[in-house]
A.B. asks: 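To start, I am sharing the structure in question, which I have written as structure tokens.
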Amino acid sequence: DYRLIQQPRPRGLIAQVTTLLLQPGDFFRTLPAFGNSRQWLLVAVLILALTGAMAVRQAELAADSEPAAGPETMPLPDMIDPGMGGGAIPGDMGGLPPDMGLPMDGGLPGGGAAADAGVSTTWTTALVAAGSLVAVWLLQALLLSEVTLFNGRAPRLGLNLQVAVYASVPLALMTGLQALYYSAGGEMGEPGLTGLLTEWTGFTGQTPFVQALLLSLASRLTLFWLWGLLLLYLGARHA
């Protein structure tokens, strides 16, 4: 039985995202017809860039919230007089000045190394966050292959990867809202429902493994995560 299928008109990027968020059933039913489109690559790049930038921003906020060691907490070594049997020698010793005539802000060789270390840490944080998201997409694409195999057809990994990428758009929307909240002066709180979980009286009575499992689940349990899970289900059913 063959039927003539009318090809749908191609949608722009904004129309694609709008249809995904407002009409997910229609979006995933027409997704196989746009198999030659590369819009999902652009969506994936934008999500990865936003995820990496937010990871760096959260790391900076976490570092700013930690108390910094002041000058009073750093003990200064005493200058010992070997001829007096110990003790600090007061006054000016007539030696070289502490700065030795060199600028202290970046003039020493260690300044460039510290800057390079900061850049390396920033890139590492962003790449780890983006790489974790890519690993999640690949795992979801493999899991979606089981749905196709149960229907008696060969899996299409490319289409499964597109479904996984589009299903993570709500998480990108949550990340964008977090960026706006931080830029407005908001403070970083507990992820997901972790703050409510720690208030549960029976939480302290659980084993360390169960506590770690509950914390991991509660940190990811958000309305946007449930929204993305629903999109993943609709993609597996219709696409």
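The analysis underlying the following values was restricted to heavy atoms, covering all of them including side chains, and did not include hydrogens, waters or symmetry mates. All residue numbers refer to positions in the sequence shown, counting from 1.
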A.B. asks: Please report the closest heavy-atom contact between L232 and A164, naming both atoms and the distance.
C.D. replies: CD1-CA, 4.3 Å
A.B. asks: Using atom types as modelled and distance alone, determine if a side-chain donor or acceptor of T18 lies under 3.5 Å from a backbone N or O of A15.
C.D. replies: no
A.B. asks: side-chain contact (heavy atoms from CB on, under 4.5 Å) with Y166: which of V43, L234, L231, I47?
C.D. replies: V43
A.B. asks: L173 vs V169, test: side chain to side chain contact (heavy atoms under 4.5 Å, CB included). Steps then yes/no.
C.D. replies: CA-CA 6 Å; L173 181 61; V169 169; 5.6 Å; no
A.B. asks: Quick check on the hydrophobic clustering: are V210 and L217 connected, directly or via other members, by side-chain heavy-atom contacts under 4.5 Å?
C.D. replies: no
A.B. asks: Could you give the distance from CG (L13) to CG (L46), rounded to the nearest 0.5 Å?
C.D. replies: 7.0 Å
A.B. asks: Does V136 share a hydrophobic cluster with L127, counting links as ILVMFWY side-chain heavy atoms below 4.5 Å and allowing steps through other members?
C.D. replies: no
A.B. asks: Return the CD to CG distance between E146 and N160, rounded to the nearest 0.5 Å.
C.D. replies: 10.0 Å
A.B. asks: L50, L61: one ILVMFWY side-chain cluster at the under-4.5 Å cut-off?
C.D. replies: no
A.B. asks: Answer yes or no: is there a side-chain heavy-atom contact under 4.5 Å between Q58 and Q178?
C.D. replies: yes
A.B. asks: Please find the pair of heavy atoms, one from T125 and one from A55, that lie closest to each other, and give the distance.
C.D. replies: CG2-O, 3.7 Å
A.B. asks: If we only count heavy atoms from C-beta on, is the F28 to L20 side-chain gap below 4.5 Å?
C.D. replies: yes
A.B. asks: Whether the side chain of T222 engages the backbone of W225 through a donor-acceptor N/O pair (distance < 3.5 Å, no angle test) should be reported.
C.D. replies: yes
A.B. asks: Side-chain heavy atoms nearer than 4.5 Å, only ILVMFWY residues, links allowed to pass through others: does that put L138 and L157 together?
C.D. replies: no
A.B. asks: Could you please spell out the steps behind the side chain to side chain contact (heavy atoms under 4.5 Å, CB included) verdict for L229 and Y233?
C.D. replies: CA-CA 6 Å; L229 190 62; Y233 165 75; over 6 Å; no
A.B. asks: How far apart are the closest heavy atoms of L159 and A239, and which atoms are they?
C.D. replies: CD2-O, 3.5 Å
A.B. asks: Can you name the nearest heavy-atom pair linking A218 to L197, along with the distance?
C.D. replies: CB-CD2, 3.9 Å
A.B. asks: For L223, I'd like to know if atom CG has over 12 heavy atoms of other residues, nucleotides or ligands within 6.0 Å.
C.D. replies: no
A.B. asks: Group every Ile, Leu, Val, Met, Phe, Trp and Tyr by side-chain heavy-atom contacts under 4.5 Å, then state whether V163 and L143 land in the same group.
C.D. replies: no
A.B. asks: Suppose we screen for side chain to side chain donor-acceptor pair (under 3.5 Å). Which residues come up paired with Q140, at least two apart in sequence or across chains?
C.D. replies: none
A.B. asks: Test Y182 against M54 for side chain to side chain contact (heavy atoms under 4.5 Å, CB included), laying out the working first.
C.D. replies: CA-CA 10 Å; Y182 293 151; M54 178 53 58; 3.6 Å; yes
A.B. asks: Side chain of S219, backbone of S216: donor and acceptor closer than 3.5 Å?
C.D. replies: yes
A.B. asks: Taking atom CD1 of I14 as the centre, does the number of heavy atoms from other residues, nucleotides or ligands within less than 6.0 Å exceed 12?
C.D. replies: no
A.B. asks: Can you tell me how far apart CZ (R29) and CZ (R237) are? Round to the nearest 0.5 Å.
C.D. replies: 9.0 Å
A.B. asks: Q211 side chain to Q206 main-chain N or O, any donor-acceptor pair under 3.5 Å?
C.D. replies: yes
A.B. asks: So, using salt bridge (charged side-chain N to carboxylate O under 4.0 Å, His left out) as the criterion, who are the partners of R220 when residues are at least two apart?
C.D. replies: none
A.B. asks: What's the shortest heavy-atom distance between P155 and T148, and which atoms?
C.D. replies: CA-CG2, 3.8 Å
A.B. asks: What are the two closest non-hydrogen atoms of P170 and F224, and how far apart are they?
C.D. replies: O-CD2, 3.3 Å
A.B. asks: What distance do L149 atom CG and L144 atom CG have between them, rounded to the nearest 0.5 Å?
C.D. replies: 11.0 Å
A.B. asks: After noting the C-alpha distance and the side-chain angles of Q16 and F27, does the key distance pass the side chain to side chain contact (heavy atoms under 4.5 Å, CB included) rule?
C.D. replies: CA-CA 8 Å; Q16 282 278 80; F27 174 83; 3.4 Å; yes
